[in-house]
Amino acid sequence: MKIALCNEVLAPMPFAAQCQMARDMGYMGLELAPFTLTDTPESLTTAQARQYAQVAADHGLVITGLHWLLVKPEGLSITHPVAQVRQATTDFLNHLCEICAAMGGRYLVHGSPKQRSIHPGQTHDQALALAQDVLAKVAQTAQNFGVTYCLEPLSADQTSLINTVAQAAAVVQHIDNPFFKTMLDTSSAGLAESLSMPDLIALWMPQGVMAHVQLNDPNRRAPGQGQMQFGPILAALRQQAYSGVVAVEPFDYFPDGPGCAAWSAAYLKGLLENAAPLTRQKPPSP
């Protein structure tokens, strides 16, 4: 497993300084939020994307992927009843697939709860159908650029659409594109799921629908700064021979961004180094 840091934790530091600090803390990569790079991420060029990748490489890091995709520009939505808004959203997400590939990233995480709201006058099924239409088009673009587009289940306090891994997996199965998957965000899953995190991993990862993991406590702080136990989560990932990225994504930075990032790196590296091999367990029933 490779430990990455979601770069907004170190914003508004210059990008080179973010890379230096993350590398010094022991991270191997940064997962980028496009809005931290520019107020107009729609104007990012592939040349600029390659420059960011080079800065990261100069500091011994890679850019692992993108997340927080629809913070800017404002007004986008995958469920908006107006077709022009959905098309603009599709165009922007297609653009980010290209940018991600140019940066050397391997995945994009689609959270953006406000931009997948159920709008007044819509039913849940109507909103879901519009979202699936947009996501299917973006999945094709992701495939064209060789990146994996991950739909993030988010807890009901954030959005009323796609709250659990099972719901996201149903969308993955509906779209049926090998470059479109779901992922596990431990903070949201800790609030939304009935199964434990290890059981969720054991259930869904063997089915080939879960392609990425973000680590954070349900209290919105860093791994190890709340009640959730992350040793069993990492052990469950090891049982599945997961060799992808685990990205640290807190929202409440305690004591501050750099302190939170340093805590997370030390905590997770310690867990990984001291973990004992475990016997594979039978997946739980859904």
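The chain is numbered in sequence order, starting from 1. Worth saying up front: this structure is predicted, and the values here are computed from it rather than measured.
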**Item:** Side-chain H-bond candidate by donor/acceptor type, Gln140 with Asn144, under 3.5 Å
**Value:** yes

**Request:** Ignoring hydrogens and angles, state whether a donor on the side chain of Gln158 or Ser155 is under 3.5 Å from an acceptor on the partner side chain.
**Result:** yes

**Request:** Examine distances only and state if a side-chain atom of Trp204 and a backbone atom of Leu184 form a donor-acceptor pair shorter than 3.5 Å.
**Result:** no

**Asked** Ignoring hydrogens and geometry, is there a side-chain-to-backbone donor-acceptor pair from Thr164 to Glu193 under 3.5 Å?
**Response** no

**Asked** Is it the case that Gln227 and Asn219 place a side-chain donor and acceptor less than 3.5 Å from each other?
**Response** no

**Asked** Backbone N or O of Ala127 within a donor-acceptor pair of the His119 side chain at under 3.5 Å?
**Response** no

**Message:** What verdict does the side-chain contact (heavy atoms from CB on, under 4.5 Å) test give for Asp39 and Lys72, after you've listed the backbone C-alpha separation in whole Å, the side-chain angles of each residue and the deciding distance to 0.1 Å?
**Reply:** CA-CA 7 Å; Asp39 286 335; Lys72 294 179 181 178; 2.7 Å; yes

**Message:** Run Leu32 and Trp68 through side-chain contact (heavy atoms from CB on, under 4.5 Å) and show every step you take.
**Reply:** CA-CA 8 Å; Leu32 301 189; Trp68 270 27; over 6 Å; no

**Request:** Enumerate the residue pairs fulfilling side chain to side chain donor-acceptor pair (under 3.5 Å) with a member in residues 51-62, sequence neighbours excluded, ordered by first and then second residue.
**Result:** Gln54-Asp58

**Side-chain donor/acceptor of Thr89 to backbone N/O of Leu76, under 3.5 Å** = no

**Asked** With a cutoff of under 4.5 Å between side-chain heavy atoms, which Ile, Leu, Val, Met, Phe, Trp and Tyr residues group with Met183?
**Response** Tyr107, Val109, Val245

**Request:** Give me the other members of the hydrophobic cluster that Leu130 sits in, counting Ile, Leu, Val, Met, Phe, Trp and Tyr linked by side-chain heavy atoms under 4.5 Å, directly or via other members.
**Result:** none

**Complete:** For Leu61 and Ala22, the nearest pair of non-hydrogen atoms, with its separation, is CD1-CB, 4.1 Å

**Request:** If a pair satisfies ring-ring contact (aromatic ring centres under 6.0 Å, His included) and one of its residues is in residues 144-190, list it, with sequence neighbours excluded.
**Result:** His110-Tyr149

**Request:** Would you give the length of the straight line joining atom CG of Leu191 to atom CZ of Arg220, rounded to the nearest 0.5 angstrom?
**Result:** 8.5 Å

**Request:** Measure across Ala189 and Leu200 and return the closest heavy-atom pair with its distance rounded to 0.1 Å.
**Result:** CB-CD1, 4.1 Å

**Asked** Counting distance only, does the side-chain N/O of Thr40 pair as donor-acceptor with the main-chain N or O of Ser43 below 3.5 Å?
**Response** no

**Request:** Please collect all ring-ring contact (aromatic ring centres under 6.0 Å, His included) contacts where either partner lies in residues 218-248, sequence neighbours excluded, each pair once.
**Result:** none

**Request:** Please check if the side chain of Arg106 supplies one atom and the backbone of Gly146 the other of a donor-acceptor pair under 3.5 Å.
**Result:** no

**Audit row: Ile3, Leu272, side-chain contact (heavy atoms from CB on, under 4.5 Å) steps and yes/no** = CA-CA 10 Å; Ile3 302 175; Leu272 287 171; 3.7 Å; yes

**Separation of Arg116 CZ from Leu151 CG (nearest 0.5 Å)** = 5.5 Å

Distance-only donor-acceptor pairs under 3.5 Å for side chains of residues 248-257, two or more places apart:
| from | atom 1 | to | atom 2 | distance (Å) |
| --- | --- | --- | --- | --- |
| Asp252 | OD2 | Arg221 | NE | 3.0 |
| Asp256 | OD1 | Gly259 | N | 2.7 |

**Prompt:** Taking atom types as modelled, is there a side-chain donor on Gln225 or Asp217 under 3.5 Å from an acceptor on the other?
**Reply:** no

**Request:** Of all the heavy-atom pairs spanning Pro34 and Pro41, show the shortest one and how long it is.
**Result:** CB-CB, 3.9 Å

**Item:** Polar side-chain atom of Glu31 near backbone of Leu5 as donor-acceptor pair, under 3.5 Å
**Value:** no

**Request:** Look at the rings of His95 and Phe92 and say which category their plane angle falls in: under 30° parallel, 30 to 60° tilted, over 60° perpendicular.
**Result:** tilted

**Asked** Is Leu37 reachable from Leu96 through a run of I, L, V, M, F, W or Y residues, each pair having side-chain heavy atoms under 4.5 Å apart?
**Response** yes

**Request:** Establish whether Leu154 and Val209 are linked, either directly or via other cluster members, by ILVMFWY side-chain heavy-atom contacts under 4.5 Å.
**Result:** no

**Asked** What are the two closest non-hydrogen atoms of Val172 and Thr182, and how far apart are they?
**Response** CG2-N, 3.6 Å

**Message:** Determine whether a donor-acceptor pair (N or O, by modelled atom type, separation under 3.5 Å) exists between the side chain of Ser112 and the backbone of Gln115.
**Reply:** no

**Prompt:** Stepwise, does the side-chain contact (heavy atoms from CB on, under 4.5 Å) test hold for Asp91 with Leu93?
**Reply:** CA-CA 6 Å; Asp91 292 343; Leu93 293 174; over 6 Å; no

**Asked** Side-chain donor-acceptor pair under 3.5 Å between His67 and Glu8, yes or no?
**Response** yes

**Request:** For residues Cys97 and Leu108, report the shortest heavy-atom separation together with the two atoms involved.
**Result:** N-CD2, 3.9 Å

**Fill in**
What one should report as the nearest heavy-atom pair of Pro206 and Gln240 is CG-OE1, 3.3 Å

**Message:** Return the NE2 to OG1 distance between His124 and Thr79, rounded to the nearest 0.5 Å.
**Reply:** 10.5 Å

**Item:** Short side-chain to backbone donor-acceptor contact, Gln167 and Asn163, under 3.5 Å
**Value:** yes

**Prompt:** Looking only at atom types and distance, does a side-chain atom of Gln48 sit under 3.5 Å from a main-chain N or O of Thr45, one as donor and one as acceptor?
**Reply:** yes

